[in-house]
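Heads up, the thing below is written out as structure tokens.
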Amino acid sequence: MLAFTLRRLIYVTPVAIGVTVVCFLLVHITPGDPLTAILPADATLELQEQMKAAYGFDKPLPVQYGLWFWKVLHGDLGHSIATGRPVATEVLRAVKNTLILATVATLIGFTFGTLFGFVAGYFRDSWLDKLASFVSVLGVSVPHYWLGMVLVIIFSAQLGWLPPTGAGPDGSGDWRPDAAHLRYIILPAVTMSVIPMGVIARTVRALVGDILSQDFVEALRAKGMSEFGVFRHVVTNAAPTALAVMGLQLGYLLGGSILIETVFSWPGSGFLLNAAIFQRDLPLLQGTILILAMFFVMLNLAVDVLQTALDPRIKRG
Amino acid sequence: MSTPPPAAPLVRARNLTVDFVGGARPVRAVAGVDLSLAAGEVVALLGESGSGKSVTLRALMRLLPEKRARIGGSITVDGRDVAALGRRELARFRGGTVAMIFQEPGLAFDPVYRVGDQIAEAVVRHERVSRKAGRARALELFERVRIPSAETRLDNYPHEMSGGMRQRAMIALALACRPKVLLADEPTTALDATVQIQILLLLRELQREFGLAVIFVTHDIGVATEVADRIAVMYAGRIVERGDCRDVIRAAAHPYTRGLLASRADHVFTRGTRLATIPGAPPDLGALPPGCAFAPRCAQAVPACEAGVPEERPASATHVARCILLRPPAQADAGATAAA
Ligand SMILES: Nc1ncnc2c1ncn2[C@@H]1O[C@H](COP(=O)(O)OP(=O)(O)OP(=O)(O)O)[C@@H](O)[C@H]1O
Ligand SMILES: [Mg+2]
């Protein structure tokens, strides 16, 4: 298992390096000189040259990449143009918030998704199946920013039960697991959970249907197993795929949460990305994308390793 | 445990019918089967594909999907009415009284559980012993069915075993809770010829050792003559001929049975002799004819064949067949009625 994990880690390296190249080039393919954003419009040519040299833009691209990569390896992603703070600090804080939100949302989605999926798969074509399928289709087709706004209108504006925006009291930028902060995460997490819930419910429904139609289920009954005993086998068979889908959904939420984070002003990476784009804060944009992409690569790796560990049929070759 | 009186057979199906509903129209897969099996007896069930052999076996264990399969007639096994068993009793009955060996051992094991654990699981469930005791029994059984290096094989996943070894493991699983009746649904069809023989010999040996009653479904007449005391030939959900193994083969009375056996004129069947194919197609089970289901394919058919389902008539001293061309029972040997 360790050897397998190491080998996977080696396979992943070229992908990770590719990601850094793309992130690096991002700055150079965006229209306009990266310096125009920071320099005053009337800067002298001399000043421009000086700045170029200071930022290393006068060197050939591969050398620039090498220098940049070296800094990245040491955790230096440059400084935000807007705030002047180190990009690494900003991004990590935002990523932490996003990770918390996405994890809570995925767990909610996984819990209800597997529940609906199992019910639908076990009672195929019954009204329970139809109800569960309807809810899960609704989950994947309703625009979640719209759902977010509806929930805010109901639970914040009308009922006043939950705060509409932010991660904590007094505009707190760090979410902590305490009662005061818990109230803030409920609405965004529930809104976000609707996507993984729908996807997981549909996957599990198909999985359960497929497993129940296999011969071994009949063989289990033939040896006198109870329905609960059969259910345990079904769960064990469904677990690797269900967990893999959950992992990929988590990855998807980490990257695709701009809309929800913006609706709820959740200080996460999507919110940060949004700010970086609108403020043309290139170092911040570059750093955020780099870290998010790396997260995705690592998550894929983790899903791969976990699935192999759970399913004996996948050769650890 | 009470032993049934000697006269009562261990397994008795009377006028068993199975209808599958829920499809475009209902399908009658089993259309009135009478079957009895004494303790320690081996019956071979022979017939073309789709004649209802597997459905009959599943009905005996109540394994058919309850929503889709309507079961009629009566089944008693070991003195108990199978249809009346409660949930708990049914679970104890399956595996404990009647066990099944499946045609595809590769598909009959859960792919993500170790084979040894799957056997231990059955033992733990039926005998309420510890997992450790269950494992010990599994090991004992693996050795009994002669799986080499049994100890390590217990930890194999199904895909890590060969087909023959999986079928041995399947047999071990079937015997795990000391059943009285074994239902073997083409247990050697999926295997290579040499492995088939080994499995067959093993099954026969275990059958004698444990005094098992066995219903053995097969396409292979050679296998049937070798393992079975009696033969039942199925066509379109009915048993058209049944009785003593040798007599059914030597003096086949039903045109269908004769057609099946036609491939060998000398009536000597060795293993590997597959059933011959008969011209024409089996009837549509959704619309069985009112009379003999074989009549449309039968060379000797007369108009009277379509009048009604023929009843069983004695064909020899030890076997009966459902064909109106045979002499009616009144004129036949009295001994024949005792058959089957
Ligand atoms: N679950 C089911 N639902 C509907 N029809 C079924 C079901 N199981 C079996 N049948 C039908 O019952 C008929 C008899 O099937 P069965 O499996 O008993 O045949 P068989 O004699 O075992 O054939 P084979 O030699 O191919 O195994 C077939 O026509 C089949 O289509
Ligand atoms: Mg069959």
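Lettering of chains follows the sequences in order, A, B, ..., and the numbering in each one begins at 1. In this text the structure is predicted, and so the values were computed from the model without any measurement. Quick note: numbers below take in every heavy atom, side chains included, and nothing from hydrogens, waters or symmetry partners.
- Heavy-atom neighbours of B:Phe210 CZ from other residues, nucleotides or ligands within 6.0 Å: above the threshold of 12.
- For the pair A:Ala219 and B:Ala108, the tightest heavy-atom approach, listed with the atom from each and the gap, is CB-O, 3.2 Å.
- Residue B:Glu127 qualifies as enclosed at atom CD: its count of foreign heavy atoms under 6.0 Å is above 12.
- How far CG of B:Leu63 is from CZ of A:Arg221: 8.5 Å, rounded to the nearest 0.5 Å.
- With rounding to the nearest 0.5 Å, the separation of CG in A:Leu220 from CD in B:Glu121 is 6.5 Å.
- Contact check on A:Glu227 versus B:Arg87 returns no salt bridge, with no Lys/Arg side-chain nitrogen under 4.0 Å from an Asp/Glu carboxylate oxygen.
- Atom CD of B:Glu209 has more than 12 heavy atoms from other residues, nucleotides or ligands within 6.0 Å.
- Taking 4.5 Å as the limit, some side-chain heavy atom of A:Thr236 sits within range of a side-chain heavy atom of B:Tyr113.
- Of the listed residues (B:Arg125, B:Met100, B:Gln118), just one forms a side-chain contact (heavy atoms from CB on, under 4.5 Å) with A:Lys223, and that residue is B:Gln118.
- Atom-to-atom distance recorded for A:Met225:CE and B:Arg94:CZ is 12.0 Å, nearest 0.5 angstrom.
- Only the side chain of B:Phe102 comes within less than 4.5 Å of a heavy atom of chain A; its backbone N, CA, C and O stay farther away.
- Ranked by heavy-atom pairs under 4.5 Å with chain A, the first of B:Arg58, B:Met61, B:Glu104, B:Arg92 is B:Arg58.
- Shown here is A:Tyr145, whose OH atom has no more than 12 heavy atoms of other residues, nucleotides or ligands within 6.0 Å.
- Contact annotation for B:Leu90: neither backbone nor side-chain heavy atoms come within less than 4.5 Å of a heavy atom of chain A.
- Within the model, atoms CZ of A:Arg232 and CG of B:Asp110 stand 10.5 Å from one another, a figure rounded to the nearest 0.5 Å.
- Contact of A:Ile211 with chain B is not made at all, since no heavy-atom distance falls under 4.5 Å.
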